[in-house]
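First comes the structure, then the notes that go with it.
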Amino acid sequence: MADLVLGVESSCDETGLAFYERGVGLRAEVLFSQTEIHAPFGGVVPELAARDHVRRLPLLWRELQTRSGLARADAVAVTTGPGLIGALLVGASFARALAFAWGVPLISVHHLEGHLLAPLLEGELPLPAVALLVSGGHSQLIAMRALGDYQLLGDTLDDAAGEAFDKAAKILGLPYPGGPALAALADQGDPRRYPLPRPMLDRPGLDFSFSGLKTAFRLQAEKLLPEDMQSRADLAASFQLALVETLVEKCRRALEQTGFKHLIVAGGVSANRLLRERLREKLHGAVVHFPSIRHSTDNAAMIALAGAVHLAAAGDALSPCRVRPRWSLEEL
Ligand code: KG4
Ligand code: ZN
């Protein structure tokens, strides 16, 4: 019985490895964030990301073995998309080499499915559920009917929620990654001071669009004096509230439309405190589930877990492992 799965994650700017054992849970994980490498450029540089994954994976692999006391697994699961092509190829080559050397199955994992299944690392997955996936690259609402049965309900027409946070932070001159920095500044501000638009709330449907909000924010920011710290905090707070209220309202509509009683929130933006508070306060009759903060952002534990789930379901009939920078969840 193949019970122990090694997970490999390298789709963007985090390098991660983890051992997950079916029936036992997470055995050990290691994670390295490249944030400092990309910070001087104000965003992820794909070529630098791929190169650092190459350097980092062997070091992390040694560290994982030391921490866990384990030296091999019964299967290897790797993120094969969506993500940065060079970064994905590094992880896939590393995973393929280990699987080949050990003579064990190689399991291809969709990165977003990893995020969706992350709550399973700490508890149960309450299906059917609506999932809100909000990260630097994605803003999606998904109907999760069963494992592997995912329907896209809404998507962003322009920027992802995390990207909007990052761009607004950059306009205010805050350091990268902007989301946490903007949220920290917002804590000191009055969110009612600047009335910013709540995008797409006047229209039916579950799609998002954040470019109008970003433009309104920019126009307001350009009027501020750099030394006026209180106004900058007020503007950050007003922006955060507008974005969070939009996300919460779309979640409410998605729950109403599907009749589901559970909401799963995943992706880096789910770490946002105001979003967590508002979702819990405003969605009456629904239970809101968050993965732990550690497993909300990119990690290999969720990839190993997703691999274990696939292995249990598919046995030997695993799909071929090829990287796909663009890959819709609905194709699973
Ligand atoms: O899921 P993630 O770690 O990486 C991917 O994009 O796949 O998400 C990163 C995003 C960034 O845009 C970051 O600014 C945002 O999540 N983020 C936050 C917070 N923490 C991270 N946005 C708002 N508030 C936060 N506390
Ligand atoms: Zn992610």
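Positions are given from 1 along the sequence. Numbering of ligands and ligand atoms starts at 1, following listing order.
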ask   = Hey, is G137 one of the residues with a heavy atom under 4.0 angstrom from ligand 1?
value = yes

query = Quick one: is the NZ or CZ of R27 closer than 6.0 Å to the six-membered ring centre of F19, and within 45° of its axis?
reply = no

request  = Look at C12 and state whether any of its N, O or S atoms is less than 2.8 Å from the Zn ion (ligand 2).
outcome  = no

task = Answer whether the closest heavy-atom distance between the side chains of Y150 and E113 falls below 4.5 Å.
result = yes

Contact partition for D298 relative to ligand 1, non-hydrogen atoms under 4.0 Å = both

query = Hey, is there an N, O or S on H115 sitting under 2.8 Å from the Zn ion (ligand 2)?
reply = yes

For G162, the ligand 1 atoms whose distance to one of its heavy atoms is below 4.0 Å = 12 (O)

ask   = Can you find a heavy atom in the side chain of Q151 that is under 4.5 Å from one in the side chain of I142?
value = no

request  = Report the nearest protein non-hydrogen atom to atom 9 (C) of ligand 1: residue, atom name, distance rounded to 0.1 Å.
outcome  = G136 N, 3.8 Å

query = Counting both backbone and side chain atoms, is some N or O of E14 under 3.5 Å from an N or O of ligand 1?
reply = no

message = Report the atom name of the nearest N/O/S atom of D298 relative to the Zn ion (ligand 2).
response = OD1

note = The side-chain contact (heavy atoms from CB on, under 4.5 Å) partner of S270 among L132, V265, L279, L133 is V265

request  = Could you verify whether a donor N or O on one side chain and an acceptor N or O on the other, from R56 and S10, lie under 3.5 Å apart?
outcome  = no

inquiry  = Just to verify, which of D158, T246, T156 counts as forming a side chain to side chain donor-acceptor pair (under 3.5 Å) with S209?
reply    = D158

